[in-house]
A.B. asks: 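The following block contains the structure, expressed as structure tokens.
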Amino acid sequence: MSAISMTKRGATTAAAALALTLSLSGCGYNEFQSLDEQVNANWAEVLSQYQRRADLIPNIVNTVKGEANFEQETLTKVIEARAKATSIQVTPELAKDPEALKKFQAAQGEVSSALSRLLVVSENYPNLKANQGFQDLRVQLEGTENRITVARNRYIKAVADYNVHTRQFPSNLTAKVMGYEVKPNITVQNEAAISNAPAVSFDKPASK
């Protein structure tokens, strides 16, 4: 093969590569890569914050156990909720399975409810209110709940952006060819309050 033929062949290959690159860019392929990475990164942050909360719970439980006559039912519910949530095996497939994701979120919701109840009940125990270690843990928990809310909101938006790209034309054609599918998202009971962190009240319930 002559040098001229090789040069022409190389130029043709380069032109084909350039055309393919422009084609992929124009049909949304590169955007899929970016959006998918963003979804994965935000999901990892959600898991990280849930793990942070799970790691705080044993310290909170041990501190509360030191308070005589503390409401055992409330304490037990926290322990059981944490055990249930941490027993769920988190795999890359979990976020892609609507039912598995729903169960995971339900378990985490039970942890939130149990902790909120424990913290409210703790206000009835002066020794706990005066315990600096417990108060420090409470502040850490409040901060973690806020971070969980932020992480969840970012994940919800990242999945929504990805799903829009998957459905809209012409990127939906790329999705069909490349096998990109709509991802299940975290559901919330109150869409209007999605940007608000869960409120934890430490005031005693009003007497009826």
A.B. asks: Taking side chain as C-beta onward, heavy atoms only, is Thr86 less than 4.5 Å from Arg82?
C.D. replies: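 Yes, close enough: below the 4.5 Å cut-off.
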A.B. asks: Among all residues two or more places apart in sequence or in another chain, which pass the side-chain hydrogen bond (donor to acceptor under 3.5 Å, both in side chains) test with Asn40?
C.D. replies: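 Scan of Asn40 (side-chain hydrogen bond (donor to acceptor under 3.5 Å, both in side chains), adjacent residues dropped) gives none.
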A.B. asks: Go through the steps to decide whether Val46 and Ile148 satisfy the test side-chain contact (heavy atoms from CB on, under 4.5 Å), and finish with yes or no.
C.D. replies: CA-CA 6 Å; Val46 169; Ile148 287 173; over 6 Å; no
A.B. asks: What distance do Asn30 atom CG and Leu35 atom CG have between them, rounded to the nearest 0.5 Å?
C.D. replies: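 If we round to the nearest 0.5 Å, Asn30:CG and Leu35:CG are 11.0 Å apart.
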A.B. asks: By side-chain hydrogen bond (donor to acceptor under 3.5 Å, both in side chains), which residues pair with Gln168, not counting sequence neighbours?
C.D. replies: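 Not a single residue meets the side-chain hydrogen bond (donor to acceptor under 3.5 Å, both in side chains) criterion with Gln168.
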A.B. asks: With salt bridge (Lys or Arg N to Asp or Glu O under 4.0 Å) as the rule and sequence neighbours excluded, what pairs involving residues 155-171 come up?
C.D. replies: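 Sorted result for residues 155-171: Lys157-Asp161.
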A.B. asks: Show me the pairs that pass ring pair (Phe, Tyr, Trp, His ring centres under 6.0 Å) and involve residues 122-145, at least two apart or across chains.
C.D. replies: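 Listed once each, the pairs are Phe70-Tyr125.
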A.B. asks: Tell me, please, which residues at least two apart from Ser113 pass side chain to side chain contact (heavy atoms under 4.5 Å, CB included).
C.D. replies: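 Testing Ser113 for side chain to side chain contact (heavy atoms under 4.5 Å, CB included), a comparison that skips the adjacent residues, returns none.
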A.B. asks: Salt bridge (Lys or Arg N to Asp or Glu O under 4.0 Å) with Arg53: which residues, sequence neighbours excluded?
C.D. replies: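 Arg53: salt bridge (Lys or Arg N to Asp or Glu O under 4.0 Å) contacts with Glu145.
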A.B. asks: Would you please name every residue forming a side-chain hydrogen bond (donor to acceptor under 3.5 Å, both in side chains) with Thr144, sequence neighbours left out?
C.D. replies: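 Only Arg52 meet the side-chain hydrogen bond (donor to acceptor under 3.5 Å, both in side chains) criterion with Thr144.
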A.B. asks: Backbone N or O of Ile156 within a donor-acceptor pair of the Asn185 side chain at under 3.5 Å?
C.D. replies: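 Yes, the answer is positive, given that a donor and an acceptor are paired below the 3.5 Å cut-off.
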A.B. asks: Show me the side-chain donor-acceptor pairs of residues 92-105 shorter than 3.5 Å, one per line, residues at least two apart or across chains.
C.D. replies:
residue : atom : partner : partner atom : Å
Glu93   : OE1  : Thr91   : OG1          : 3.4
Asp97   : OD1  : Glu99   : N            : 3.1
Asp97   : OD1  : Ala100  : N            : 3.3
Gln105  : OE1  : Tyr50   : OH           : 3.3
Gln105  : OE1  : Arg152  : NH1          : 2.3

A.B. asks: Can you find a side-chain donor-acceptor pair between Tyr162 and Glu31 that sits under 3.5 Å?
C.D. replies: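 Looking only at side-chain atoms, Glu31 and Tyr162 do not form any donor-acceptor pair under 3.5 Å.
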A.B. asks: In terms of hydrophobic clustering (I, L, V, M, F, W, Y; side-chain heavy atoms under 4.5 Å; direct or indirect links), are Val182 and Phe32 co-clustered?
C.D. replies: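 Hydrophobic grouping puts Val182 apart from Phe32.
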A.B. asks: Rounded to the nearest 0.5 Å, how far apart are CE of Met178 and OH of Tyr29?
C.D. replies: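 Those atoms lie 4.5 Å apart.
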A.B. asks: Surrounding CZ of Arg147 (heavy atoms of other residues, nucleotides or ligands, distance under 6.0 Å), is the total greater than 12?
C.D. replies: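 Yes, because the 6.0 Å sphere around CZ of Arg147 holds more than 12 heavy atoms from other groups.
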A.B. asks: Indicate if Val64 and Leu56 have the same hydrophobic cluster label, given that clusters are the connected sets of ILVMFWY residues with side-chain heavy-atom separations under 4.5 angstrom.
C.D. replies: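 Same cluster: Val64 reaches Leu56 through Ile, Leu, Val, Met, Phe, Trp or Tyr contacts under 4.5 Å.
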A.B. asks: Please find the pair of heavy atoms, one from Val78 and one from Ala114, that lie closest to each other, and give the distance.
C.D. replies: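 Result for this residue pair: CG2-O, 3.4 Å.
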A.B. asks: Are Arg138 and Ser122 packed together at the side-chain level, in the sense that at least one heavy-atom pair is separated by less than 4.5 angstrom?
C.D. replies: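 Arg138 vs Ser122: side chains apart.
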A.B. asks: To the nearest 0.5 angstrom, please state how far the CG atom of Asn127 sits from the OG1 atom of Thr63.
C.D. replies: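 If we round to the nearest 0.5 Å, Asn127:CG and Thr63:OG1 are 13.0 Å apart.
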A.B. asks: If two hydrophobic side chains count as joined below 4.5 Å and joins carry through other members, does Tyr180 share a cluster with Val177?
C.D. replies: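 The answer is yes; both residues are in one hydrophobic cluster.
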A.B. asks: Give the C-alpha distance, both sets of side-chain angles, the deciding distance and a yes or no for side-chain contact (heavy atoms from CB on, under 4.5 Å) between Lys183 and Asp36.
C.D. replies: CA-CA 10 Å; Lys183 297 178 183 291; Asp36 194 39; 3.0 Å; yes
A.B. asks: Run the side-chain hydrogen bond (donor to acceptor under 3.5 Å, both in side chains) test against Asp55 and tell me which residues pass, sequence neighbours left out.
C.D. replies: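 Per chain and number, Asp55 pairs via side-chain hydrogen bond (donor to acceptor under 3.5 Å, both in side chains) with Gln51.
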A.B. asks: Do Gln140 and Asp136 get their side chains close enough for a donor-acceptor pair, meaning under 3.5 Å?
C.D. replies: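 The answer is no; no qualifying pair exists.
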A.B. asks: Okay, side chain of Glu123, backbone of Lys129: is any donor-acceptor separation there less than 3.5 Å?
C.D. replies: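 Answer holds: no.
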A.B. asks: Determine, stepwise, if the pair Ile57 / Val111 fulfils side-chain contact (heavy atoms from CB on, under 4.5 Å).
C.D. replies: CA-CA 10 Å; Ile57 291 176; Val111 174; 3.8 Å; yes
A.B. asks: Side-chain contact test, heavy atoms from C-beta onward, threshold under 4.5 Å: evaluate it for Tyr155 versus Glu45 and give yes or no.
C.D. replies: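 Result no, sub-4.5 Å side-chain heavy-atom pair not found.
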A.B. asks: Does the side chain of Leu119 reach to within under 4.5 Å of the side chain of Leu141, using non-hydrogen atoms?
C.D. replies: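 They are in contact (side-chain heavy atoms under 4.5 Å apart), so the answer is yes.
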A.B. asks: Considering residues at least two apart in sequence or located in another chain, which fulfil the salt bridge (Lys or Arg N to Asp or Glu O under 4.0 Å) criterion with Glu110?
C.D. replies: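 In terms of salt bridge (Lys or Arg N to Asp or Glu O under 4.0 Å), with neighbours along the sequence ignored, Glu110 is linked to Lys84.
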A.B. asks: Applying the 4.5 Å side-chain criterion to the ILVMFWY set and letting contacts propagate, would Val164 and Ile186 be lumped into a single cluster?
C.D. replies: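 Per the 4.5 Å side-chain linkage, Val164 and Ile186 are not co-clustered.
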A.B. asks: Does anything in residues 70-80 pair up under salt bridge (Lys or Arg N to Asp or Glu O under 4.0 Å), and if so which pairs, sequence neighbours excluded?
C.D. replies: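 Checked against salt bridge (Lys or Arg N to Asp or Glu O under 4.0 Å) - neighbours excluded - the pairs reaching residues 70-80 are Glu71-Arg117, Glu73-Lys77.
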A.B. asks: Is the shortest heavy-atom distance from the side chain of Asn172 to the side chain of Thr166 under 4.5 Å?
C.D. replies: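 Side-chain contact under 4.5 Å: no.
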A.B. asks: Output every pair passing salt bridge (Lys or Arg N to Asp or Glu O under 4.0 Å) with a member in residues 171-182, not counting sequence neighbours, ordered by first then second residue.
C.D. replies: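 Every candidate salt bridge (Lys or Arg N to Asp or Glu O under 4.0 Å) pair involving residues 171-182 fails, so no pair, neighbours aside, qualifies.
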